[in-house]
J.: 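Have a look at this one.
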Amino acid sequence: VCSSDLSDGSMPPQSPMSMRAARCTVGRRLFALALGVHLALGAWFVLSPSQGDAAWSGFPLDDAWIHLVYGRSVAERGAPYYNETLEAGFSSALWMLVLAVAHLLASATGIGVVTVAKGFGVLAAAVTTASVGQLAWRLGGSLAIGLLACSLCAAHPVLAFAQVSGIDRKSTRLNSSHTVISYAVF
């Protein structure tokens with residue numbers, strides 16, 4: 001349960017319980033900021049009139065479609081098949097598993113799998129950005145530094161595009177590495 005408020009932007013108090021509460025509060029703020037920015041940027045990429053309908057219903061790169069095929073086979077058959085052949089031609093095992101969940105969710109809800117995959121991409125990018133912000137806050141000793149890092153990461157054009165492009169290698173790697181660093185080291 002989070003109850004501490006760090007409105008002055010200072011480092012958290014030093015007792016273990018108050019540090020946990022402070023991290024939770026800052027983490028929530030950073031995640032809310034990151035999710036808001038990523039939702040706005042994702043919507044801009046997907047709904048921009050200059051992009052046409054393909055931005056909503058498709059992906060710009062073939063790698064995303066390849067991962068969708070592998071994800072579908074994992075969801076349906078429990079293993080990575082491509083053209084009826086069991087193989088390992090995917091470049092991101094984690095993203096393939098995420099897309100397997102996307103296929104299951106899409107079939108259960110009737111939402112298109114591309115839309116679900118883009119939503120997962122936005123969520124992964126928001127977690128990455130919040131982790132970067134929390135790491136910067138903890139290293140820099142100021143909530144302002146954390147918010148600045150969070151904002152810069154969220155507005156980075158490559159991450160903003162990658163979140164809705166269907167290729168999650170960059171966000172998966174960033175998410176994994178920053179989460180491990182920010183929570184395991186400190």
Side-chain angles (χ1 to χ4, degrees), residues 27 30-31 34-48 50-135 149-150 152-185:
L30 292 174
F31 182 73
L35 186 60
V37 171
H38 283 290
L39 284 172
L41 288 172
W44 181 78
F45 273 113
V46 171
L47 301 175
S48 174
S50 65
Q51 304 298 323
D53 290 339
W56 178 253
S57 61
F59 295 121
L61 303 168
D62 64 342
D63 198 45
W65 295 108
I66 292 167
H67 276 85
L68 274 176
V69 170
Y70 283 116
R72 182 183 62 219
S73 73
V74 169
E76 293 174 354
R77 301 165 91 177
Y81 286 87
Y82 197 88
N83 293 334
E84 301 303 317
T85 304
L86 182 62
E87 61 176 69
F90 48 87
S91 55
S92 173
L94 178 58
W95 189 236
M96 176 190 61
L97 295 174
V98 168
L99 291 180
V101 173
H103 275 284
L104 295 171
L105 187 60
S107 67
T109 62
I111 299 171
V113 70
V114 171
T115 303
V116 175
K118 288 178 186 232
F120 281 157
V122 169
L123 184 62
V127 169
T128 298
T129 299
S131 297
V132 168
Q134 184 147 7
L135 179 62
C150 186
L152 291 173
C153 184
H156 192 280
V158 173
L159 186 59
F161 173 76
Q163 72 180 359
V164 292
S165 69
I167 53 167
D168 196 57
R169 290 187 301 241
K170 285 183 179 67
S171 348
T172 301
R173 289 179 190 153
L174 283 171
N175 183 26
S176 301
S177 62
H178 288 107
T179 302
V180 167
I181 290 169
S182 63
Y183 293 104
V185 173

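Worth saying up front: this structure is predicted, and the values here are computed from it rather than measured.
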J.: Quick check against the 3.5 Å criterion: does Thr109 have a side-chain atom that pairs as donor or acceptor with the backbone of Leu105?
T.: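 Yes; at least one donor-acceptor contact below 3.5 Å.
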J.: Please report the interatomic distance CG(Leu99) to CD1(Ile66), rounded to the nearest 0.5 Å.
T.: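 Reported value, rounded in 0.5 Å steps: 12.0 Å.
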J.: Check whether any side-chain heavy atom of Lys118 sits under 4.5 Å from a side-chain heavy atom of Val114, and report yes or no.
T.: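 Yes, at least one pair of side-chain atoms sits under 4.5 Å.
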J.: Do Val69 and Trp65 have side-chain heavy atoms sitting under 4.5 Å apart?
T.: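 No, their side chains stay 4.5 Å or more apart.
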J.: What is the distance from atom CZ of Phe90 to atom CE of Met96, rounded to the nearest 0.5 Å?
T.: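 Here the rounded value is 4.0 Å.
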J.: I need the minimum non-hydrogen distance between Gly133 and Ala149, along with the two atoms involved.
T.: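 Where Gly133 meets Ala149 most closely, the heavy atoms are CA-CB, 4.4 Å.
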J.: Can you give me every donor-acceptor pair (side chain of residues 74-83, partner residue at least two apart or in another chain, under 3.5 Å) with its distance?
T.:
| unit_1 | atom_1 | unit_2 | atom_2 | d |
| --- | --- | --- | --- | --- |
| Arg77 | NH1 | Glu84 | OE1 | 3.4 |
| Arg77 | NH2 | Glu84 | OE1 | 3.4 |

J.: Would you mind listing every salt bridge (charged side-chain N to carboxylate O under 4.0 Å, His left out) that reaches into residues 97-113, with sequence neighbours excluded?
T.: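 Those involving residues 97-113 do not exist here.
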J.: Are Thr129 and Val37 packed together at the side-chain level, in the sense that at least one heavy-atom pair is separated by less than 4.5 angstrom?
T.: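 They are not in side-chain contact.
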J.: Would you name the heavy atoms of Ser165 and Ala64 that are closest together and state the gap between them?
T.: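 Minimum heavy-atom separation between Ser165 and Ala64: O-CB, 3.6 Å.
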J.: Counting C-beta onward and ignoring hydrogens, is there a side-chain heavy-atom pair between His103 and Leu68 closer than 4.5 Å?
T.: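 Sidechains of Leu68 and His103: in contact.
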J.: Looking at CG of Leu104 and CZ of Arg72, how far apart are the two atoms once the value is rounded to the nearest 0.5 Å?
T.: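 Output value for this atom pair is 12.5 Å.
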J.: Supply the atom-to-atom distance Cys150 SG to Gln134 CD, rounded to the nearest 0.5 angstrom.
T.: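 Answer rounded to 0.5 Å: 10.0 Å.
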J.: Write out all pairs satisfying salt bridge (charged side-chain N to carboxylate O under 4.0 Å, His left out) with one or both partners inside residues 98-108, taking only residues at least two apart or from two chains.
T.: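 Counting only pairs at least two positions apart or across chains, no salt bridge (charged side-chain N to carboxylate O under 4.0 Å, His left out) contact touches residues 98-108.
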